[in-house]
Amino acid sequence: MIAGEVNLKSNVNTGKIYQKNPFAAEVVKLIDVTFSYNGTPVLEGVSLSVKAGDFLALIGPNGAAKSTLLKLMVGLLKPGTGEIRLFGQDVRRFREWGKIGYMSQQAAHVNTAFPATVEEVVSSGFYSGFGRLFDGKKRREAVERAVDLAGIAGLSHRLIGELSGGQRQKVFLAKALVKKPQVLFLDEPTTGIDAASQQEFYRLLMDLNRHEGITVIIVTHDIGAAFDKAGKIGCVRDKKVYIHDNTDEVTEEHIAEVLGYRIPSRQKIL
Amino acid sequence: MYIFTFDFMQRAFIAGIITAVLVSAMGVFVVLRRMSLVGDSLSHVALSGVAAGMLFGFYPFYGALAFAALAALFIEAIRKAFSKYAEVALAVVMSGGMGLAVVLISLGKSFNADLFSYLFGSLVAVSPSDVRVISTVGFFILLSLAVLYRELFSVTFDEEAARLSGIAVGAVNTYFTLLVALAVALSIRVVGALLVSALMVIPAAVSMQIARSFKATFAVAVGVAVLSVVSGLFISFAFDVAPGGTIVLIAAAILTVVLIIKGFRGKLT
Ligand SMILES: Nc1ncnc2c1ncn2[C@@H]1O[C@H](COP(=O)(O)OP(=O)(O)OP(=O)(O)O)[C@@H](O)[C@H]1O
Ligand SMILES: [Mg+2]
């Protein structure tokens with residue numbers, strides 16, 4: 001081990017939340033999935049399963065297809081071959097939109113000049129089909145709860161263009177939370193956020209996972225946090241996804257080998 | 001007031017105010033979708049509809065509505081091919097519409113006062129049947145906007161997220177462009193084909209400078225548009241100039257004043 005780096009294995013016991021429950025329902029399942037952009041494959045023969053209550057962190061170098069994987073899971077992209085199931089249904093036929101919350105990698109970076117308040121943005125995440133014209137009270141309550149959960153209750157009437165990057169990230173988390181989803185798909189939600197806010201953000205996710213039973217699938221480059229907080233680690237590399245069911249069994253060397261790069265120390269990251 | 005003793009002025013005010021509300025409300029979404037050119041493109045096509053009506057002898061307003069609606073569908077179809085450069089689709093339709101209008105006009109040798117009124121707007125030309133069409137179609141457009149408000153907000157703000165909340169994004173986009181086409185076609189009567197797009201974009205630009213929420217953005221845009229149309233019509237009547245021009249000049253003046261005040265505030269604070 002290189003001096004200055006810590007053994008991640010010895011740190012994983014703090015605040016770890018993953019409990020293996022073999023009877024938990026499958027939230028996401030990929031069976032032999034292949035995906036190509038304009039004929040260039042970026043994922044090949046990927047199979048994996050995420051169960052209710054899981055906290056899965058997807059890590060891997062830039063361009064490894066982490067975002068692609070997440071978009072496939074929610075049905076924004078269609079697999080070339082193979083099968084993707086969301087809550088047991090073929091994702092192409094999945095219509096229970098209230099069950100899934102998704103925050104894209106670009107979410108907080110686009111539309112910063114949009115003239116809408118935090119409340120209006122969060123409220124737009126609450127969608128109830130034809131009942132929407134008469135759902136005022138339910139909607140207001142859901143929005144209040146979501147901004148509370150995300151810790152931005154005080155910002156409700158501010159324009160989103162006048163928030164800091166980190167505050168805006170939380171707005172998008174609240175927007176994903178407002179429909180009370182059973183699973184959250186988050187694509188690098190903490191990029192550009194200061195260390196303290198990142199800690200807070202992860203604490204919030206762990207709370208949601210532990211106390212509200214929300215399944216969390218998060219893409220991150222913050223390997224330290226992934227090891228610290230997630231119960232499952234998915235390494236995306238060379239068109240494959242390697243899932244490690246229990247971080248106790250995963251060593252730093254192993255991850256480094258799978259990802260093809262060395263892991264900086266946790267102290268440096270956090 | 002004495003100017004309302006003229007029937008044609010009453011009609012001009014009714015048609016003008018409905019037009020202002022419609023076009024400016026659509027304008028907020030249009031500007032936020034970076035489709036500011038859409039008004040221009042569709043109004044040029046609407047003009048060719050007017051020319052077709054004059055040439056073939058049907059009510060030019062129906063020609064404008066039909067041609068603009070078809071152009072909207074065409075824009076949506078080719079927008080997919082140029083998804084990252086939506087303005088290419090708009091530029092194609094704009095020049096196509098103008099070309100068609102010019103050909104139809106020269107075929108019909110109809111470059112006369114009537115056509116001129118559709119280019120720059122007119123006070124005296126608003127007929128009772130024009131008012132009927134404007135208020136019927138206008139009511140339908142406003143109703144659609146009210147019902148689809150949430151969908152339009154979601155799709156405009158974040159298309160991916162909208163798709164994941166079960167919104168039929170493609171259908172909403174197409175329907176919206178269709179509504180814009182109808183609104184634009186309606187407004188060429190009072191404002192004129194060449195100036196519709198200004199009434200669509202300027203009030204939205206003003207409101208984005210000062211509004212503190214999305215709802216307020218709408219309210220301010222509609223307010224600015226109605227104010228511009230009403231005062232523009234008064235001035236047009238008093239000095240006997242085309243209303244389209246006075247309306248747009250007033251809207252532009254409001255924008256300038258707002259920008260100057262904002263500039264001063266920025267310097268002071
Ligand atoms: N729309 C697209 N068209 C063509 N190729 C694409 C497209 N989007 C992504 N790619 C390619 O697919 C691969 C995977 O991209 P993806 O965005 O999934 O990577 P990522 O793991 O999320 O990377 P990052 O860590 O930088 O976010 C990359 O090589 C990228 O160049
Ligand atoms: Mg990515």
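Every heavy atom of this structure was used, including side-chain atoms; hydrogens, water molecules and symmetry mates were not. Chain identifiers are assigned alphabetically (A, B, ...) following the order of the sequence lines, protein sequences preceding nucleic acid strands; residue numbering begins at 1 within each chain.
The contact list for residues 67-82 of chain A toward chain B, using heavy atoms and a distance under 4.5 Å, reads A/Lys71, A/Val74, A/Leu76 by residue number. When the heavy atoms of residues 179-195 of chain B are compared with those of chain A, none of the residues falls under 4.5 Å.
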Extract all donor-acceptor atom pairs below 3.5 Å that involve side chains of residues 140-150 of chain A and protein atoms in other chains or at least two apart in sequence.
from	atom 1	to	atom 2	distance (Å)
A/Glu141	OE2	A/Lys137	NZ	3.4
A/Arg145	NH2	A/Glu212	OE1	3.3

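The stretch residues 170-186 of chain A participates, sequence neighbours left out, in these salt bridge (charged side-chain N to carboxylate O under 4.0 Å, His left out) pairs: A/Lys170-A/Glu200.
Using bins of under 30°, 30° to 60° and over 60° for the plane-to-plane angle, the ring pair B/Phe214/B/Tyr149 lands in the tilted bin. Ring geometry for B/Tyr175 versus B/Phe140: interplanar angle over 60°, hence perpendicular rather than tilted (30 to 60°).
If you measure heavy-atom distances from A/Glu119 to chain B, you find no contacts under 4.5 Å at all. Only the side chain of B/Thr217 comes within contact range of chain A, with heavy atoms under 4.5 Å apart. Within the 4.5 angstrom heavy-atom criterion, atoms from both the backbone and the side chain of B/Thr156 approach chain A.
For the pair A/Glu162 and B/Arg212, the salt-bridge criterion is met [side-chain N within less than 4.0 Å of a carboxylate O].
Taking the side chain as every heavy atom from C-beta outward, A/Ile84 and A/Leu86 never approach each other to under 4.5 Å.
For the pair B/Ser154 (side chain) and B/Ala162 (backbone), a donor-acceptor distance under 3.5 Å is absent. For the pair A/Arg139 (side chain) and A/Phe126 (backbone), a donor-acceptor distance under 3.5 Å is present. Side-chain N or O atoms of A/Lys232 include none that pairs as donor or acceptor with a backbone N or O of A/Asp54 at under 3.5 Å. A/Arg158 contributes no side-chain N or O that, together with a main-chain N or O of A/Val118, makes up a donor-acceptor pair within less than 3.5 Å.
Shown are B/Leu233, B/Val206, B/Ile202, B/Ile250; of these, the side-chain contact (heavy atoms from CB on, under 4.5 Å) with B/Ser228 is made only by B/Ile250.
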